[in-house]
Amino acid sequence: MESLIKQWDGESVIIRYDRVADAWIFIAIHSTALGPSAGGTRMKPYPHLKEALEDALRLSGGMTLKWAAAGNDYGGGKGVIAVPDSLDSQGRSDLLRRYGTFVHQYNGIFFTGPDYGTSSEDMDIIAETGDPYIFGRTKAAGGSGNPGPYTALGVLTSIQVVAEQVFGTSNLEGKKVLVQGVGSVGRGLTTLLRDTGAEILISDVNPSSTQYFSDEFGLESIPPDEVYDRPCDIFAPCAVGAILNKETIPRLRCRAVAGAANNQLGTPGDADLLRERDILYAPDFIANCGGAMAIIGMEVQGWSHKEAEEKLVHAIKSNLSKVFQMTKADGCSTDEAGKRIADRRLSSA
Ligand code: PHE
């Protein structure tokens with residue numbers, strides 16, 4: 001754990017052991033250059049505690065890039081709650097309330113919202129003690145609800161932009177799109193893709209998640225271990241991170257990757273491997289900024305739902321076209337180009 005923190009390029013990590021639930025909480029504050037840190041709270045059991053810390057560190061770095069590229073005045077942060085497998089519903093709610101108190105103690109250096117393993121309903125509970133530092137509460141509680149559908153819209157936009165680059169048209173009719181992970185964002189993306197005429201393949205480690213789409217719409221569900229080998233036009237990773245790596249990239253049989261998962265690259269060098277294989281990669285922190293951008297826009301800047309949709313689509317289109325221009329002009333990877341866009345804003349702060 002010491003070496004993880006030593007190698008990290010962020011600002012600080014707050015650690016708390018919650019004795020009652022036997023849970024560990026990590027809040028990683030990667031950057032406050034543009035404003036207070038903000039990022040989702042991820043809650044799940046981790047086989048090794050080290051992986052929870054690693055998630056917090058890596059994901060908070062991704063948030064710094066996401067806010068900077070999207071033009072928001074926030075810095076990167078992330079909350080990770082490593083829970084035991086056995087936590088029951090009452091114990092979970094009580095833990096969320098203590099987490100809210102914890103977040104509140106830091107007086108706005110860290111704002112949070114929903115992420116993997118937490119929902120808008122959970123934000124309502126956290127906000128009982130953590131208000132006013134909690135985004136993405138339910139509409140009933142005065143928030144703007146689940147960010148998932150906005151993230152999904154941004155990913156659909158990214159898929160259309162990469163299709164235009166690779167196939168010369170953003171029309172997805174007949175294009176094979178493989179969605180890995182049909183959770184909160186993947187489900188929304190699949191629903192949106194159905195209206196585009198794309199041929200959709202889905203996959204999830206949890207078979208009950210794909211069942212609905214297979215039963216209702218006859219979508220083909222791919223076993224999780226065959227995802228990387230399956231020929232498709234566009235691969236949309238919407239589950240866990242680090243799935244684009246030395247082992248999977250040589251197997252990919254797609255022309256482009258655009259998805260919602262955070263930190264999709266195993267290492268930054270994996271972006272070069274994709275480029276060598278002529279697979280166009282939409283940097284994750286640009287493709288998946290829709291939810292975070294929309295929630296902040298609606299809750300802080302007073303945007304309507306419609307404005308949020310228009311602005312996120314516009315921001316993603318404009319950033320991705322800059323990225324693709326930069327890679328053509330000087331041969332850098334798309335990930336590198338995306339980081340330059342974010343860095344320009346960070347260094348002007
Ligand atoms: N889960 C969101 C993301 O990774 C985090 C977020 C949601 C942050 C809503 C703020 C508000 O982008």
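Just follow the structure's listing: the first ligand is 1, and inside any ligand the first atom is 1.
Neither the backbone nor the side chain of Leu59 comes within 4.0 Å of ligand 1, counting heavy atoms alone. Here Lys78 has side-chain heavy atoms under 4.0 Å from ligand 1, and that is the only part of it that gets that close.
A salt bridge does not link Asp343 to Arg340: none of the charged side-chain nitrogens sits closer than 4.0 Å to a carboxylate oxygen.
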Expected list for residues 229-248: side-chain donor-acceptor pairs under 3.5 angstrom, two or more places apart:
from	atom 1	to	atom 2	distance (Å)
Asp229	OD1	Arg251	NE	2.9
Asp229	OD2	Arg251	NH2	2.8
Arg230	NH1	Glu220	OE2	3.3
Arg230	NH2	Glu220	OE2	3.0
Asp233	OD2	Lys176	N	2.7
Asn245	OD1	Glu247	N	2.9
Asn245	OD1	Thr248	N	2.9
Asn245	OD1	Thr248	OG1	3.3
Asn245	ND2	Ala242	O	2.9
Glu247	OE2	Arg251	NH1	2.7
Thr248	OG1	Ile243	O	2.7
Thr248	OG1	Asn245	N	3.0
Thr248	OG1	Asn245	O	3.4

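Aromatic rings of Phe135 and Phe111 (six-membered ring for Trp) have centroids within the 6.0 Å cut-off, being under it.
Heavy-atom contacts of Ala292 reach the following atoms of ligand 1: 12 (O) (cutoff under 4.0 Å).
Nearest protein heavy-atom contact of atom 4 (O) of ligand 1 is Lys66 NZ, 2.9 Å. Annotation: atom 5 (C) of ligand 1 to nearest protein heavy atom, Gly40 N, 3.4 Å. With respect to atom 1 (N) of ligand 1, the closest heavy atom belonging to the protein is Asp115 OD1, 2.7 Å.
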Next item on the list: May I have the step-by-step check of salt bridge (Lys or Arg N to Asp or Glu O under 4.0 Å) for Arg275 and Asp335, ending in yes or no?
Entry: CA-CA 10 Å; Arg275 191 173 46 130; Asp335 188 59; over 6 Å; no
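Looking at Asp124 and Thr138, their side chains do bring a donor and an acceptor atom within 3.5 Å of each other. No side-chain N or O of Gln180 forms a donor-acceptor pair with one of Ser203 less than 3.5 Å apart.
Residue contact check for ligand 1: Pro114 places a non-hydrogen atom closer than 4.0 Å to it. Using a 4.0 Å cutoff on heavy atoms, Met293 does not count as a contact of ligand 1.
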